[in-house]
Asks: 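Sharing a structure here in structure tokens format.
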Amino acid sequence: MASEFPDVVFGKVNIENAKEVATIFTISSIPHFKLFKNKKEVSDIMGSNEASLKELIIAWKDVNVRTERPSLQRQTKLKD
């Protein structure tokens, strides 16, 4: 997916080896995707629905978080 969104930074954390990170970011299940914009967490998705993750990235990609929000601002739980 990184090749589809070259201006988006993707990271991966192994929560078994970084339990403190899981606690700080309230990650209780995997997969769990957190979306940050301008160093602020703006949304997250639990589950492995690639289409919904892409939709969320596109929705936030051009948003100025100081002045606006996309329609997808809630936490989204997805089913496989």
Side-chain angles (χ1 to χ4, degrees):
M1 189 176 305
S3 62
E4 292 180 57
F5 301 101
D7 54 339
V8 175
V9 177
F10 291 87
K12 182 177 180 179
V13 176
N14 182 333
I15 63 169
E16 292 297 319
N17 296 332
K19 293 182 181 189
E20 186 176 339
V21 173
T23 301
I24 290 168
F25 289 101
T26 321
I27 297 171
S28 58
S29 63
I30 52 175
H32 194 134
F33 300 93
K34 297 278 188 176
L35 185 68
F36 293 84
K37 179 93 180 197
N38 298 332
K39 300 180 182 179
K40 293 182 179 183
E41 182 179 336
V42 294
S43 192
D44 69 340
I45 291 180
M46 291 180 276
S48 60
N49 187 316
E50 186 175 337
S52 293
L53 181 57
K54 286 180 183 181
E55 180 183 336
L56 189 65
I57 291 168
I58 291 166
W60 279 98
K61 196 169 178 311
D62 297 322
V63 171
N64 180 336
V65 293
R66 292 187 183 125
T67 60
E68 56 186 315
R69 290 220 158 318
S71 61
L72 296 171
Q73 64 185 17
R74 70 192 185 292
Q75 176 177 329
T76 307
K77 287 189 177 184
L78 303 172
K79 297 181 180 177
D80 296 319

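If you read the sequence from its start, that first residue is 1, and numbering goes on from there.
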Asks: Just distance, no hydrogens or angles: give the donor-acceptor pairs under 3.5 Å from side chains in residues 10-24, sequence neighbours left out.
Replies:
unit_1, atom_1, unit_2, atom_2, d
N14, OD1, E16, N, 2.9
N14, OD1, N17, N, 3.4
T23, OG1, K19, O, 3.1

Asks: State yes or no: do I30 and M46 share one hydrophobic cluster built from I, L, V, M, F, W and Y residues joined by side-chain heavy-atom distances below 4.5 Å, directly or via other members?
Replies: no
Asks: With salt bridge (charged side-chain N to carboxylate O under 4.0 Å, His left out) as the rule and sequence neighbours excluded, what pairs involving residues 22-36 come up?
Replies: K34-E41, K34-D44
Asks: Which heavy atom of W60 sits nearest to which heavy atom of S43, and what is that distance?
Replies: NE1-CB, 3.9 Å
Asks: Per the salt bridge (charged side-chain N to carboxylate O under 4.0 Å, His left out) rule, what does the pair list look like for residues 2-11, sequence neighbours excluded?
Replies: E4-K54, D7-K61
Asks: Search all heavy atoms of M1 against all heavy atoms of I57 and return the closest pair with its distance.
Replies: SD-CD1, 3.8 Å
Asks: Going by ring pair (Phe, Tyr, Trp, His ring centres under 6.0 Å), name the residues that satisfy it together with F36, two or more places apart in sequence or in a different chain.
Replies: F25
